[in-house]
Trainee: 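First the structure, then my questions, so here it is.
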Amino acid sequence: MAVKIAPSIAAADQGRLAAEASHLQEWGADWIHVDIMDGMFAPNLTFGPSAVKAIRKASKLPLDCHLMISNPELLLERFLQAGGDIMTIHAETVTVESLARIEKKVKEYNAKLGIAFKPATEMRSVDLAEREVSLITIMTVNPGFSGQKFMPEVLPKLEEARKQFPSRSQTEIEIDGGVDQTNAKVIANKGASVLVAGNSVFGQSDPELALKELKKLVAS
Ligand code: DX5
Ligand code: ZN
């Protein structure tokens, strides 16, 4: 299965959100990574449900919604109604009970459930045995901003996750934060099936070329 590239639209020109979203498909993006932050779980404020709705209108690509919000149940349904395809909530913000409720709600909308881990959070911090998880997002920067430095010390967690979720068709494993043209291949070789790319695409002088370079690096 080819490794997917999910450009992070939070790194795009916020004054041209729909335009930026609209050409990602032609450029070869597989998903659009939508970083949703509430200013509490993460020290930044980004998209609400109406922005997700606008991105949904501008692109047919799957919307990979990364919910960096302290109470995911509060807004989950609004983001599902806005058109999010994958709803990734943070292990640090759920209990066994709330995660079960979140999974049920996500299924009601035929969406997929993802679980994200901050760099310092252990995979075993949440019991996923009973859950049907389509995506594991391993953050390799701390939540908040695009353009941060990749944290290689987190990579063992990627190998651990791939061992825990060996089937790529059942569970994608995404690396999120500081991915660029210099580390994409190594990360893919260690078992990642989705790479988030914010600065390494939208921070470049030619984002289309930068994205195509990433696709080529992980294709072989
Ligand atoms: C950080 C976000 C990441 C980040 C990715 O809070 O979850 O998705 O914006 O951007 P880069 O690829 O520039 O690190
Ligand atoms: Zn993210």
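Counting starts at 1 for both ligands and their atoms, following the listed order. Just so it is clear, the values below take in all heavy atoms, side chains as well, and ignore hydrogens, waters and symmetry mates.
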Trainee: Looking at T93 and P72, what are the two nearest heavy atoms and their distance?
Mentor: OG1-CG, 3.5 Å
Trainee: What angle, in degrees and rounded to 10°, do you get at the Zn ion (ligand 2) when you join it to OD2 of D176 and to OD1 of D35?
Mentor: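 The two atoms form an angle at the metal of about 170°.
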Trainee: Under a 4.0 angstrom heavy-atom cut-off, which atoms of ligand 1 come close to M68?
Mentor: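 Heavy-atom distances to M68 below 4.0 Å select 6 (O), 7 (O).
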Trainee: Going by the atom numbers of ligand 1, which of them fall below 4.0 Å from some non-hydrogen atom of M139?
Mentor: 1 (C), 6 (O), 7 (O)
Trainee: Pair K112, E172 - check salt bridge (Lys or Arg N to Asp or Glu O under 4.0 Å), show working.
Mentor: CA-CA 11 Å; K112 293 183 173 169; E172 301 271 18; over 6 Å; no
Trainee: As a quick check of understanding, evaluate salt bridge (Lys or Arg N to Asp or Glu O under 4.0 Å) for E208 and K212, giving each step before the final call.
Mentor: CA-CA 6 Å; E208 178 175 359; K212 288 191 164 125; 2.5 Å; yes
Trainee: Is the closest side-chain heavy-atom distance between L75 and I36 below 4.5 Å?
Mentor: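 Sidechains of I36 and L75: no contact.
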Trainee: Tell me, which N, O or S atom in H33 is closest to the Zn ion (ligand 2)?
Mentor: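 The closest N, O or S atom of H33 to the Zn ion (ligand 2) is NE2.
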Trainee: Who's closest to atom 11 (P) of ligand 1 heavy-atom-wise, of S146, S200, A6?
Mentor: S146
Trainee: Going by side chain to side chain contact (heavy atoms under 4.5 Å, CB included), F150 matches just one of T182, V141, I175. Which one?
Mentor: I175
Trainee: Between E108 and K105, does any side-chain N to carboxylate O distance fall below 4.0 Å?
Mentor: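 Yes, this pair counts.
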Trainee: Find all atoms of ligand 1 within a distance of less than 4.0 Å from any non-hydrogen atom belonging to V196, and give their numbers and elements.
Mentor: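 Ligand 1 atoms under the 4.0 Å threshold to V196: 8 (O).
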Trainee: Can you sort out which atoms of ligand 1 are near N199, meaning under 4.0 Å from one of its heavy atoms?
Mentor: 11 (P), 12 (O), 13 (O)
Trainee: Looking at E130, is its backbone amide N or carbonyl O close enough to the side chain of D127 to form a donor-acceptor pair, meaning the two atoms are under 3.5 Å apart?
Mentor: no
Trainee: At what distance is the nearest protein heavy atom to atom 12 (O) of ligand 1, and which residue and atom is it?
Mentor: G198 N, 2.8 Å
Trainee: What protein heavy atom lies closest to atom 6 (O) of ligand 1? Include the residue and the distance to one decimal.
Mentor: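 Looking only at protein heavy atoms, the one closest to atom 6 (O) of ligand 1 is G144 N, 2.7 Å.
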Trainee: Using the side chain to side chain contact (heavy atoms under 4.5 Å, CB included) definition, which of the options L135, L128, I89 pairs with L113?
Mentor: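 Answer after filtering L135, L128, I89: I89.
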Trainee: Can you tell me which portion of D176 lies within the under-4.0 Å heavy-atom range of ligand 1? Options are side chain, backbone, both, or neither.
Mentor: side chain
Trainee: What atoms of ligand 1 come closer than 4.0 angstrom to any heavy atom of M37?
Mentor: 6 (O)
Trainee: To which protein heavy atom is atom 14 (O) of ligand 1 closest, and what is the distance rounded to 0.1 Å?
Mentor: G178 N, 2.8 Å
Trainee: Short list, please: which atoms of ligand 1 are under 4.0 Å from a heavy atom of S8?
Mentor: 9 (O)
Trainee: Would you mind running through ligand 1 and noting each atom that sits below 4.0 Å from a heavy atom of H66?
Mentor: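 That gives atoms 7 (O) of ligand 1.
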Trainee: Checking H66 against D64: is there a side-chain donor and acceptor pair closer than 3.5 Å?
Mentor: no
Trainee: Show your working on salt bridge (Lys or Arg N to Asp or Glu O under 4.0 Å) between E159 and K163 and close with a plain yes or no.
Mentor: CA-CA 6 Å; E159 292 166 313; K163 261 198 223 106; over 6 Å; no
Trainee: Quick one: report the N, O or S atom of H66 that is nearest to the Zn ion (ligand 2).
Mentor: ND1
Trainee: Note the single closest protein heavy atom to atom 9 (O) of ligand 1, along with its residue, its atom name and the distance in Å.
Mentor: D35 OD2, 3.2 Å
Trainee: Show which atoms of ligand 1 fall inside a sub-4.0 Å distance from at least one heavy-atom site of H33.
Mentor: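 What qualifies from ligand 1 is 8 (O).
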Trainee: Does any N or O of ligand 1 fall below 3.5 Å from an N or O anywhere on G177, backbone included?
Mentor: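 N/O-N/O distance below 3.5 Å does not exist for this pair.
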Trainee: For R168, look at atom CZ and say whether over 12 heavy atoms of other residues, nucleotides or ligands are found less than 6.0 Å away.
Mentor: yes
